[in-house]
**Student:** 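Handing you this structure, nothing more for now.
Every chain is numbered from 1 and lettered A, B, ... according to where its sequence line falls, protein lines coming before strand lines. All values below were derived from every heavy atom in this structure, side-chain atoms included, with hydrogens, water molecules and symmetry-related copies excluded.
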Protein chains: 2
Amino acid sequence: MKIQELAVKMGLSVHTIRFYEKEGLFDSRHVQREKNNYRNYSDEAVERLQMIKKFQGLGCSLAELKEIFQDHDTNTKTHQQIIDWIEQKKAEIEQKKAEYDQVLETLEWMIAYRKLLMTDPQKAETLFKARTSVSPH
Amino acid sequence: MKIQELAVKMGLSVHTIRFYEKEGLFDSRHVQREKNNYRNYSDEAVERLQMIKKFQGLGCSLAELKEIFQDHDTNTKTHQQIIDWIEQKKAEIEQKKAEYDQVLETLEWMIAYRKLLMTDPQKAETLFKARTSVSPH
DNA sequence: GCTTGCTTTAGAGTTCACTCTATAGTTTAT
DNA sequence: ATAAACTATAGAGTGAACTCTAAAGCAAGC
């Protein structure tokens, strides 16, 4: 698969894909060169890009991804170390989700306050005074 | 409250707080100047910084926050418009949470695979072949 | 009164993750 | 055979969000 095909398939620019390679996020399993020096991507490249997207969405930097990929690719780390890393990521996501739930509560509060402000400004004021530092009033 | 006190209280640098001011995220309710030109922050500044942190965690840019704060502070937008914005943010968070759940599944798979690899590499291979593009390599 | 530590400003520098440009070689379609 | 569309490289540029520096004034403790 040539670079543009991969780019279209993954919704990335060819620049970004070459950039990722420069950053060390691929190895020979993902890209090989043709006789004309064109890059030829395997299906594993698609999977790796999916992984990158997924973990980037969790706030992982490219540097962190490079490290974990390399450790994985070269067996620098033990299985247990990798499991520990994954468990840690899991905990981070659970944490993030809890934060989100909290923000959802804040937003609910904000909506309730706004709506009350339209119908009963006095009650809204009462609600506002009872808030626990949760809205931008 | 002087800038350093606020910085310590919020876990930010004084640079960052001044930077936020330059970016238009505060108004006179949050900062006033003393005769000596020192900034004096109110408790509302603390609340605003909490809001900034919260919404930044949702992926809001400072520019977007500035806009919503200004629209709020100057009553440029109607209550309904602000409610709509909040509802939209809520939907984005629900979406994010769903994505996180998906990633959690991926991580669970990865852990199961790793553990099996230690005890029963053959079974692991079977699991690997049955995967739906969810793990690295 | 002097030192240390705070405050001010303007502006330069950093990091991340792209994004684009210029130049040149290759492939494909007509 | 030529043009259009693709590929390659090195390196410059961008935007966001800080982060730091320099030079100066102000404040608090001894």
**Student:** In this structure, how many angstroms lie between the C1' atom of D/dA24 and the CG atom of B/Asn37, rounded?
**Tutor:** 12 Å

**Student:** Can you name the salt bridge (Lys or Arg N to Asp or Glu O under 4.0 Å) partners of A/Asp84, sequence neighbours left out?
**Tutor:** none

**Student:** Check the distance between D/dA8's P and A/Lys35's NZ and give it to me in whole angstrom.
**Tutor:** 13 Å

**Student:** Specify the separation, in whole Å, of atom CD of B/Gln4 and atom P of C/dG5.
**Tutor:** 11 Å

**Student:** Send over the distance from A/Met1 CE to D/dC6 P, rounded to a whole Å.
**Tutor:** 17 Å

**Student:** Provide, to the nearest angstrom, the distance between the CD1 atom belonging to A/Ile3 and the P atom belonging to D/dA5.
**Tutor:** 19 Å

**Student:** Provide a list of protein-nucleic acid N or O atom pairs under 3.5 angstrom, restricted to nucleotides 16-18 of chain D.
**Tutor:**
| from | atom 1 | to | atom 2 | distance (Å) |
| --- | --- | --- | --- | --- |
| D/dA17 | OP1 | B/Leu62 | N | 3.2 |
| D/dA17 | OP2 | B/Leu62 | N | 3.4 |
| D/dC18 | OP2 | B/Tyr20 | OH | 2.8 |
| D/dC18 | OP2 | B/Gln56 | NE2 | 2.7 |

**Student:** Just how far, in rounded Å, is C1' of D/dA8 from CZ of A/Arg33?
**Tutor:** 7 Å

**Student:** Mind checking what makes salt bridge (Lys or Arg N to Asp or Glu O under 4.0 Å) contact with A/Arg39, not counting sequence neighbours?
**Tutor:** A/Glu21

**Student:** Counting the atoms with a prime plus P, OP1 and OP2 as sugar-phosphate, which does B/Arg39 contact under 4.0 Å by heavy atoms, base, sugar-phosphate, or nothing?
**Tutor:** sugar-phosphate

**Student:** Examine B/Phe26 together with B/Phe69 and report whether their ring centres are nearer than 6.0 Å.
**Tutor:** no

**Student:** Let me know the distance between CG of B/Asn40 and P of C/dT7, rounded to the nearest Å.
**Tutor:** 12 Å

**Student:** Can you list every pair that meets salt bridge (charged side-chain N to carboxylate O under 4.0 Å, His left out) and has a residue in residues 59-70 of chain A, with sequence neighbours left out?
**Tutor:** A/Glu64-A/Lys89

**Student:** Which letters describe nucleotides 24-30 of chain C, given B = protein heavy atom under 4.0 Å from base, S = only from sugar-phosphate, - = neither?
**Tutor:** -BBS---

**Student:** Please report, rounded to the nearest Å, how far the C1' atom of C/dT9 is from the NE2 atom of B/His15.
**Tutor:** 13 Å

**Student:** When you look at CD of B/Gln122, are more than 12 heavy atoms from neighbouring residues, nucleotides or ligands closer to it than 6.0 Å?
**Tutor:** no

**Student:** Under the salt bridge (Lys or Arg N to Asp or Glu O under 4.0 Å) test, which residues partner A/Glu108, sequence neighbours left out?
**Tutor:** B/Lys90

**Student:** Can you sort out the partners of A/Asp120 under salt bridge (Lys or Arg N to Asp or Glu O under 4.0 Å), two or more places apart, ordered by chain and number?
**Tutor:** none

**Student:** Taking only residues two or more places apart in sequence, or in another chain, which ones meet A/Asp27 in a side chain to side chain contact (heavy atoms under 4.5 Å, CB included)?
**Tutor:** A/Arg29, A/His30, A/Asp73

**Student:** Does A/Glu23 have any side-chain hydrogen bond (donor to acceptor under 3.5 Å, both in side chains) partners at least two apart in sequence or in another chain, and if so, which?
**Tutor:** none

